[in-house]
2 protein chains.
Amino acid sequence: MSLDRRSGCPINLSLEVFGDRWSLIILRDMIFGGRRHFRELLNGSIEGIASNILADRLKRLMELGMLTKADDPSHKQKAIYSLTEMAITLVPILAHLGAWGRVWLPTSEELSIRAELLEKGGPPMWEKFMNELRHEHLGLPADPAAGPSVRATLQAAYEAVVASKAQAASSAA
Amino acid sequence: MSLDRRSGCPINLSLEVFGDRWSLIILRDMIFGGRRHFRELLNGSIEGIASNILADRLKRLMELGMLTKADDPSHKQKAIYSLTEMAITLVPILAHLGAWGRVWLPTSEELSIRAELLEKGGPPMWEKFMNELRHEHLGLPADPAAGPSVRATLQAAYEAVVASKAQAASSAA
DNA sequence: CTAATCTGCTTGCATTTTGCAATCGGTTGC
DNA sequence: GCAACCGATTGCAAAATGCAAGCAGATTAG
């Protein structure tokens, strides 16, 4: 379940890590959606991952060093998954990927608003976001002068688009 | 053979385009290796793609608008594949992907030197490279004051590492 | 106390995708 | 003429994926 190592090319090896249909989706939901539990990931992703695939990918991502797993102290049956630094440094790649997809692919408006804001925010916003993730997942100290979190900002923008679309739909009816 | 459209999320849609083990490898070989013909791609990639998979992916990438195909005027049986603007704008993503892989994965030295230079060159180098690709693949005018091509620069660095490794091996024997 | 619900998975099975090797009809260089 | 090369295609085995159901233990609502 580790790397095949078809070649030592950095692009090839990166593809061996998340060049499948689900690994990066899981990481996206953890990073941007703040999901930490199995069921949250299972029911939360709009693409509808199957539970056996999710279990397999979580295991694989742990073996590759992208995730860690711990007991949730509040619930003896809950496992809590955390991003490692290796996964947190994917943020710029996800930002670029979102920006590219927004330009060239038939994205939906409400789901691309986050990508748009993240692109406009640029590297400074990505750095701030990565520091917030380090705080949440690695226990590093939070920036005391931080203001609203990047995730909350993106989420608020998403909800505003959803609300304005609902408004437009109801006034049309 | 077009997009499944599991969701309208930009990251998801990007993954549906090149979130498999081969599509991005083919694009890498066209972009960085300058390959334009079926056989070049078949025999050129160190990962060893199978001919049926290559044929399938070329077809798929054409349907998605990432590649075009034309007759090679010098040979009635040769087809020449070209990158579209959509594919050329992947250069920054490939650069980030290479940089990430170089940090976190067991890359080989000779194959990661290109990623290192591309990372050091930053956005200005990426832009120059993209313009060179636009000249090669889209027929846009070349920058008259350009100097050596980015691809040639990267290739020379790769060959220098290979040569120095061969030197070290022979002096050890 | 008890029943329903929730927890992170696992199992069995059908379908789809991939990988491998051989091959094809046509073109080209010698 | 003939070997090498062109972009594929075919047949088949192996692996990955998708789907629905189920599992044992923990928790919670009534």
Side-chain angles (χ1 to χ4, degrees), chain A residues 1-7 12 15-26 29-30 33-64 67-82, chain B residues 1-7 12 15-27 29-30 33 35-64 67-82:
Chain A
M1 193 76 85
S2 63
L3 286 176
D4 293 345
R5 207 141 195 307
R6 300 185 301 187
S7 87
N12 172 58
L15 278 178
E16 292 193 29
V17 171
F18 45 73
D20 74 274
R21 274 193 152 18
W22 290 112
S23 299
L24 211 55
I25 294 288
I26 294 169
D29 286 344
M30 290 188 69
R35 324 215 197 245
R36 309 287 298 263
H37 303 293
F38 191 93
R39 294 274 168 168
E40 284 179 333
L41 289 162
L42 186 63
N43 303 322
S45 95
I46 34 178
E47 289 87 7
I49 189 170
S51 63
N52 54 346
I53 310 279
L54 176 59
D56 179 79
R57 290 305 187 282
L58 288 172
K59 185 175 156 218
R60 183 178 147 85
L61 288 170
M62 286 173 56
E63 287 171 359
L64 291 170
L67 298 179
T68 57
K69 178 175 158 182
D71 293 338
D72 185 329
S74 76
H75 189 304
K76 294 199 171 165
Q77 230 176 350
K78 273 186 179 168
I80 189 159
Y81 290 92
S82 298
Chain B
M1 192 73 85
S2 63
L3 286 176
D4 291 344
R5 205 136 197 307
R6 299 185 302 187
S7 88
N12 172 59
L15 278 178
E16 293 193 29
V17 170
F18 47 77
D20 74 276
R21 278 203 154 12
W22 290 112
S23 298
L24 211 56
I25 294 288
I26 293 169
L27 292 166
D29 286 345
M30 291 187 69
R35 323 213 198 248
R36 309 288 298 263
H37 303 292
F38 191 94
R39 294 274 166 170
E40 284 179 333
L41 289 163
L42 186 64
N43 303 322
S45 95
I46 34 178
E47 289 88 7
I49 189 169
S51 63
N52 54 345
I53 310 278
L54 175 59
D56 178 80
R57 291 305 186 281
L58 288 172
K59 185 176 157 220
R60 183 177 147 84
L61 289 170
M62 285 173 55
E63 286 171 358
L64 291 170
L67 298 179
T68 57
K69 177 176 161 183
D71 293 339
D72 185 329
S74 76
H75 189 303
K76 294 197 173 168
Q77 235 176 346
K78 271 187 181 167
I80 188 157
Y81 290 92
S82 298

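Although no hydrogens or angles enter the test, the distance criterion places a donor-acceptor pair under 3.5 Å between the side chain of B/Asp72 and the main chain of B/Ser74.
Between A/Trp22 and the phosphate of D/dA16, there is no side-chain N or O to OP1/OP2 separation shorter than 4.0 Å. Phosphate proximity of C/dT18 to B/Arg57: present, with a side-chain N or O under 4.0 Å from OP1 or OP2. Between D/dT28 and A/Lys76, no contact under 4.0 Å exists linking OP1 or OP2 to a side-chain N or O.
Rounded to an integer number of Å, the gap from CD1 of B/Ile49 to P of D/dA8 is 13 Å. C/dA14 atom C1' lies 14 Å from atom CD1 of A/Ile53, rounded to whole Å. Atom pair A/Asp20:CG and C/dT18:C1' shows a separation of 14 Å (rounding to whole Å applied). Counting to the nearest Å, the P atom of C/dT7 and the OH atom of A/Tyr81 are 13 Å from each other. Between A/Leu54 atom CG and C/dT10 atom P the separation is 11 Å, expressed in whole Å. Atom P of nucleotide C/dG12 and atom CG of A/Asp56 are separated by 17 Å, given to the nearest angstrom. The distance between atom CG of A/Leu61 and atom P of C/dG8, rounded to the nearest whole Å, is 17 Å. If you measure from atom CG of B/Asn43 to atom C1' of D/dA4, you get 13 Å, rounded to the nearest angstrom.
Map A/Lys78 and A/Ser51 each onto its nearest nucleotide of DNA chain C; the residue landing nearer the 5' end is A/Lys78. The residue among B/Phe38 and A/His75 whose nearest nucleotide of DNA chain D is located toward the 5' end is B/Phe38. Comparing A/Ala79 and A/Asn52 by the nucleotide of DNA chain C whose heavy atom lies nearest to each, the residue mapping closer to the 5' end is A/Ala79.
Ranking D/dC6, D/dT9, D/dT27 by closeness to the B/Arg39 side chain, first place goes to D/dC6. The side chain of B/Gln77 sits closest to C/dT27 out of D/dT9, C/dG8, C/dT27. The listed nucleotides are D/dG7, D/dT9, C/dT28; the one nearest the side chain of B/His37 is D/dG7.
We find that A/Arg57 and A/Asp20 are joined by a salt bridge, their nearest charged nitrogen and carboxylate oxygen being less than 4.0 Å apart.
Residues A/Glu16 and A/Asp4 share a closest heavy-atom pair of OE1-N, 2.9 Å. Closest approach of B/His37 and B/Lys78 over heavy atoms only: CE1-CD, 3.9 Å.
Interatomic distance, B/Ser23 OG to B/Leu58 CG, rounded to the nearest 0.5 Å: 9.0 Å.
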